[in-house]
Number of protein chains: 2
Amino acid sequence: MATVTIRDVAKRAGVGIGTVSRVLNDSPLVSDETRQRVQQAIEALDYSPSSVARRLSRGRSMAIAVIAPFFVRRSYIERLRGIENVLAASGYDLILYNVETIARRDACLQSLPRGERLDGLLVLSLAPTDSEVNRLLRSDVPTVLVDAFHEALPTITVDDVAGARTAVQHLIDLGHERIAYIGENLDDNPFNFQPMIDRYRGYRDALAAADIPFRPQYHCQGKYGWREAHRMAQSLFALDEPPTAIFAYSDTLAFGVLEAAQHSALSVPSQLSVIGFDDVEIAQYFQLTTVRQPLYESGARGAELLLEQIDSDAGRPVQHVVLPTELVVRRTTAPPAESLL
Amino acid sequence: MATVTIRDVAKRAGVGIGTVSRVLNDSPLVSDETRQRVQQAIEALDYSPSSVARRLSRGRSMAIAVIAPFFVRRSYIERLRGIENVLAASGYDLILYNVETIARRDACLQSLPRGERLDGLLVLSLAPTDSEVNRLLRSDVPTVLVDAFHEALPTITVDDVAGARTAVQHLIDLGHERIAYIGENLDDNPFNFQPMIDRYRGYRDALAAADIPFRPQYHCQGKYGWREAHRMAQSLFALDEPPTAIFAYSDTLAFGVLEAAQHSALSVPSQLSVIGFDDVEIAQYFQLTTVRQPLYESGARGAELLLEQIDSDAGRPVQHVVLPTELVVRRTTAPPAESLL
DNA sequence: AAGTGAATTGAAACCGGTTCCATTATGAAG
DNA sequence: CTTCATAATGGAACCGGTTTCAATTCACTT
């Protein structure tokens with residue numbers, strides 16, 4: 001099936017190609033009569049314009065790339081959903097770049113703003129280095145960071161420090177003092193995830209604010225995943241003075257803790273309080289107390305910010321949007337068993 | 001920053017644009033000396049070719065669209081992961097079209113093969129109608145269906161009937177006869193999901209093969225989601241003769257059943273056996289007996305099939321790949337409590 | 001020395017749109 | 001009856017690459 005081009009349509013309608021183009025773009029500079037004739041020709045030939053050609057001549061690609069380590073965490077998918085919903089309405093294509101290794105991360109951040117002519121770039125959860133940011137700025141591709149921060153770029157973040165502080169404060173308010181933290185290895189953060197650092201900071205801050213001394217043995221670090229969290233929780237239970245409450249870096253890790261508790265016949269929340277972070281969908285299923293962060297919204301807002309950025313091609317002041325977190329109290333937290341006389 | 005074009009490079013290197021193009025495409029028809037000079041000019045100008053222009057002149061868009069109702073089921077994301085991994089290595093861009101309403105489904109299937117010049121199309125879990133398939137065939141855009149079937153297009157599917165049969169057979173082998181099925185509303189299937197029909201069929205087939213009469217009250221239909229499954233399970237428990245085993249359409253629904261059992265103080269598996277379908281990640285966490293289907297692989301195979309299709313632009317016989325399922329026995333199934341004398 | 005062929009090269013033509021500019025038709029104003 | 005603005009239109013130029021084709025160079029035959 002030979003491709004029908006705008007010239008075929010023009011010939012068939014007996015008009016010039018410019019006129020056809022005007023009809024396609026709803027220009028007012030076409031008489032109704034001519035417009036009809038062109039429309040008929042278009043239908044008769046089953047013509048549809050080539051987006052690639054249109055992109056070339058317009059100098060815009062009508063495509064936005066989203067780069068993220070999508071499949072490693074459930075929460076990124078929810079963010080992607082927010083992005084997709086906003087972009088779908090905008091007419092821009094969403095090109096997905098998944099990043100699972102640091103090598104690919106670097107390759108993407110290097111090559112994306114170069115080879116591809118993108119109209120915009122959304123970087124999710126990956127904190128670019130200064131030199132990468134410079135490259136992005138020079139390349140003139142509007143970029144927005146979601147769940148990552150850099151001074152020079154517009155960002156959408158969540159106040160992880162405050163969220164974590166709230167979580168721990170909730171435990172303190174219930175009367176807990178022996179509060180452990182289960183998270184990822186802070187020294188092994190190749191993707192430079194900021195929340196890893198911030199939530200730990202919130203934990204420390206809350207303890208300090210309540211004059212509860214930090215006990216290193218209550219700080220567990222390990223690889224990400226509920227299996228590993230299970231293991232870490234068990235090592236906490238084995239301590240001489242085990243914690244009465246555990247704050248987990250994420251809901252996923254909290255599930256590992258819950259499982260470990262069940263395994264060790266510790267009843268939650270009477271013998272052990274557990275609190276997570278994220279409020280992913282199944283958290284409700286488990287009745288997990290957690291800190292909700294607006295995942296969907298962070299993506300949606302990021303996409304909106306990017307679209308604004310693209311439209312107002314002028315260099316406006318970079319915005320840093322910080323979304324709030326919210327404590328969601330369910331059934332895995334309660335006052336500690338022993339009264340604290 | 002004015003865009004650097006191939007002509008700028010040519011001028012700077014003192015050669016023709018054709019030569020620059022040849023260097024870019026690793027053509028052997030360039031002398032080493034010239035090649036070096038061009039390379040230097042490219043670096044000096046920080047030039048990178050416009051992919052859009054390249055696409056236009058080559059007549060290929062180097063883009064593959066993936067269309068699916070991604071965010072309604074966990075399992076689609078896993079399939080997407082398989083697709084992404086294969087495509088990432090291929091050099092094709094992955095353009096994501098999410099479909100959450102039937103209106104958007106129709107709009108996508110109509111417009112995608114038209115306006116956009118795609119090199120390929122992957123349709124996930126959406127069964128196109130005959131007229132849509134005709135349109136696709138006429139449009140010359142290679143298309144592969146994953147988790148959906150149509151005679152005229154290459155497909156990757158799972159034998160849902162057999163999988164369901166295996167699941168129910170497993171329950172029968174354990175000695176169950178009062179086996180209920182919890183699934184979606186069969187009469188309300190706007191997206192035309194084939195597995196909904198097939199798994200129910202497998203359930204019926206297995207019962208029939210074992211000469212166990214089908215009891216309509218054991219067939220629960222409702223909206224998708226564990227909450228609804230919870231409700232349906234409770235209505236089953238309230239029957240005069242409640243089932244001793246429940247086969248759930250998916251793991252997600254099975255979780256709802258497990259929760260309902262816990263809620264009603266029914267112990268699993270001694271008083272109630274539960275089996276799911278999919279083997280999503282958390283199924284292992286719950287020790288759920290289920291039927292594993294190769295989600296990741298189905299996406300990967302689909303993408304591979306599509307790439308083959310694109311390369312061998314000739315019309316080869318359409319392939320229909322059927323992937324096997326596998327029974328994964330964990331801890332939610334056991335022989336029924338009452339002995340069946 | 002003229003002829004052959006391979007290697008290398010420059011530039012025109014092309015991909016399929018958009019946009020700008022020149023041209024014509026039309027109607028109102030002077 | 002000009003004069004001029006305005007609406008409508010055709011088509012060239014352009015976007016930035018690839019590809020084709022003709023031209024040039026140079027070594028090697030005969």
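Lettering follows sequence order; numbering is per chain, from 1. Any value given below was found using the heavy atoms of this structure, including those in side chains, with hydrogens, waters and symmetry copies removed.
Here Glu304(A) pairs with nothing under the salt bridge (Lys or Arg N to Asp or Glu O under 4.0 Å) rule; sequence neighbours left out. Arg73(A) is linked by a salt bridge (Lys or Arg N to Asp or Glu O under 4.0 Å) to Glu184(A), counting only residues two or more places apart in sequence or in another chain. Among residues two or more places apart in sequence or in another chain, the ring pair (Phe, Tyr, Trp, His ring centres under 6.0 Å) test is passed with Phe191(A) by Phe193(A). Partners of Ser61(A) under the side chain to side chain donor-acceptor pair (under 3.5 Å) rule, at least two apart in sequence or in another chain, do not exist in this structure. Listed by chain and residue number, Glu132(A) satisfy the salt bridge (Lys or Arg N to Asp or Glu O under 4.0 Å) test with Arg105(A) (two or more places apart in sequence, or in another chain). Residues satisfying the side chain to side chain contact (heavy atoms under 4.5 Å, CB included) criterion with Ala152(A), sequence neighbours excluded, are Val133(A), Leu137(A), His150(A). Judged as a side chain to side chain contact (heavy atoms under 4.5 Å, CB included), and not counting sequence neighbours, the contacts of Ile197(A) are Asn189(A), Gln194(A).
At a cut-off of 3.5 Å, with distance as the only test, no side-chain donor of Tyr76(A) or Asp147(A) sits close to an acceptor on the other residue.
Using a 4.5 Å heavy-atom cutoff, the side chains of Val86(B) and Leu307(B) are in contact.
Comparing the helix axis at one end of the helix from dA1(C)-dT30(D) to dG30(C)-dC1(D) with that at the other, each defined from 5 consecutive pairs, gives an inter-axis angle of 60° (nearest 10°).
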> Base, backbone or nothing for each nucleotide of nucleotides 13-18 of chain C, written B, S, -, heavy atoms under 4.0 angstrom, 5' to 3'?
Replying inline: --BBBB

> Could you walk me through whether Asp93(B) and Arg55(B) pass the salt bridge (Lys or Arg N to Asp or Glu O under 4.0 Å) check?
Replying inline: CA-CA 12 Å; Asp93(B) 279 343; Arg55(B) 284 162 193 200; 3.1 Å; yes

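Interatomic distance, CG of Leu109(A) versus CZ of Arg104(A), reported as 11.0 Å (0.5 Å rounding).
Taking every heavy atom of residues 27-39 of chain B and every atom of DNA chain D, no pair lies under 4.0 Å.
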Side-chain polar contacts of residues 33-42 of chain B - donor-acceptor pairs under 3.5 angstrom, sequence neighbours left out - could you list them?
residue: Thr34(B); atom: OG1; partner: Ser31(B); partner atom: OG; Å: 2.6
residue: Arg35(B); atom: NH2; partner: Ser27(B); partner atom: O; Å: 2.9
residue: Arg37(B); atom: NH1; partner: Ala13(B); partner atom: O; Å: 2.8

Are there any protein N/O atoms within less than 3.5 Å of an N/O atom in nucleotides 23-25 of chain C, and if so, which ones and at what distance?
none

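The distance from atom CZ of Arg60(A) to atom P of dT19(C) is 11 Å, rounded to the nearest whole Å.
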